[in-house]
Amino acid sequence: MVGKNLLKTFIPLMPLIARKIRITNAVLLLSTAVPIWLAIDAIAPQMVQAYTSRTDLEIDRLPGDNYQSLLRRAEAVARAAAQRGFDKDILVTDVSVIVSVQNYGSIAPVLELNVSRTEWRNRPDPQRWAKYFKVAQTLLYFGPSATKPNSTNPDTNPTNNVENNPVEGTPTPEPPAIPNSVEGTSPPELPDTVPVPTPVEVEQPN
């Protein structure tokens with residue numbers, strides 16, 4: 001009898017208990033899914049927004065610069081640009097820097113620095129990660145085989161030629177002297193007076 005009475009008591013409460021169980025399960029699912037969604041949402045933007053910072057720089061040749069000193073200046077500029085790229089944005093994973101040099105109106109890239117944040121943190125040396133363009137030395141008119149543009153042509157004045165200006169210390173040949181007479185003979189003597197012919201009288205017939 002007691003069991004029947006308990007069943008009669010709990011049967012009307014079963015829908016309410018089932019409803020509470022469903023609500024509890026829903027709350028548990030939401031409490032588990034929301035933190036997971038928030039964690040994924042916090043990580044995903046960093047993976048999507050991570051990018052490579054690209055920079056193009058240009059420097060001019062200074063008076064007295066040779067090609068090696070220009071390379072040292074280009075390396076210093078690339079190093080500063082790479083460090084600035086990593087410090088400016090924490091989402092930057094890689095940096096690419098191209099440094100060009102201008103000389104006599106010509107512009108050519110001399111080096112390209114490609115490095116990741118991890119590599120740069122371990123060794124911030126541009127010479128370790130840079131790629132150098134060897135042809136730039138010729139394009140920028142450096143080296144013995146390069147000819148600078150707008151260079152003045154050598155003086156074409158004939159007085160500066162070797163033929164007209166003999167080397168100092170070389171004797172200049174003198175023109176041969178014209179002899180006045182052949183050796184052993186003397187020039188013929190001319191008479192002081194020229195003989196005048198005497199007129200001849202011709203008799204006329206009578």
Side-chain angles (χ1 to χ4, degrees), residues 30-169:
L30 289 176
S31 62
T32 305
V34 169
I36 295 175
W37 178 79
L38 291 175
I40 295 174
D41 186 62
I43 297 174
Q46 295 183 2
M47 297 176 61
V48 173
Q49 297 179 7
Y51 65 96
T52 299
S53 175
R54 303 184 184 276
T55 307
D56 293 334
L57 301 174
E58 180 181 321
I59 60 176
D60 295 330
R61 180 192 180 186
L62 298 178
D65 272 346
N66 54 26
Y67 191 69
Q68 294 300 322
S69 61
L70 274 177
L71 286 181
R72 300 293 84 79
R73 289 176 54 207
E75 290 168 355
V77 171
R79 185 183 187 282
Q83 188 64 48
R84 184 167 57 251
F86 287 127
D87 294 342
K88 183 173 61 176
D89 193 346
I90 61 173
L91 298 180
V92 173
T93 57
D94 297 270
V95 165
S96 176
V97 181
I98 297 178
V99 181
S100 302
V101 174
Q102 180 176 359
N103 184 32
Y104 290 101
S106 299
I107 302 176
V110 295
L111 65 86
E112 180 181 9
L113 177 63
N114 293 309
V115 62
S116 66
R117 182 182 292 271
T118 303
E119 292 171 341
W120 189 254
R121 185 185 299 113
N122 295 333
R123 188 173 180 181
D125 184 6
Q127 293 184 356
R128 173 64 178 82
W129 313 111
K131 179 176 67 176
Y132 298 87
F133 302 101
K134 296 182 180 179
V135 70
Q137 185 171 2
T138 302
L139 295 177
L140 295 173
Y141 308 106
F142 286 96
S145 60
T147 303
K148 297 179 182 178
N150 301 328
S151 60
T152 57
N153 294 326
D155 191 3
T156 56
N157 191 344
T159 57
N160 292 331
N161 294 336
V162 177
E163 295 180 356
N164 296 324
N165 282 341
V167 182
E168 183 179 359

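- A distance of 11.5 Å separates CD of Gln102 from CG of Leu70, quoted to the nearest 0.5 Å.
- Ring orientation note: the planes of Phe86 and Trp120 are tilted relative to one another, at an angle of 30° to 60°.
- The 12-atom threshold is not exceeded at CZ of Arg54, counting heavy atoms of other residues, nucleotides or ligands nearer than 6.0 Å.
- Between Ala81 and Leu57, the shortest heavy-atom distance links the atoms CB-CD1, 3.7 Å.
- The two residues Pro126 and Pro124 come nearest to each other via the heavy atoms CD-O, 3.9 Å.
- Taking CD1 from Ile98 and NZ from Lys131, the interatomic distance works out to 8.5 Å, rounded to the nearest 0.5 Å.
- The minimum heavy-atom distance between Ser96 and Asn114, with the atom names listed, is OG-OD1, 2.8 Å.
- Remark: the backbone N or O of Tyr104 is not paired with any side-chain donor or acceptor of Arg61 at under 3.5 angstrom.
- Heavy atoms only, all atoms of each residue included: Asp94 and Val92 are closest at O-CG1, 3.2 Å.
- Here the shortest heavy-atom pairing between Pro109 and Ala136 reads O-CB, 3.4 Å.
- Nearest heavy atom pair, residue Val97 against residue Ala82, reads CG2-N, 4.2 Å.
- In this model, no donor atom of one side chain and acceptor atom of the other lie less than 3.5 Å apart for Ser106 and Asn103.
- Once rounded to the nearest 0.5 Å, the distance linking CG of Asp65 with CG of Leu140 reads 11.5 Å.
- Here the straight-line distance linking atom CZ of Arg73 with atom CG of Leu62 works out to 4.0 Å at 0.5 Å rounding.
- A distance of 8.0 Å separates CZ in Arg117 from OG1 in Thr93, rounded to the nearest 0.5 Å.
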- Stepwise side chain to side chain contact (heavy atoms under 4.5 Å, CB included) check, Leu113 with Val95: CA-CA 8 Å; Leu113 177 63; Val95 165; 5.7 Å; no
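- No donor-acceptor contact under 3.5 angstrom links the side chains of Gln127 and Tyr132, judged on distance only.
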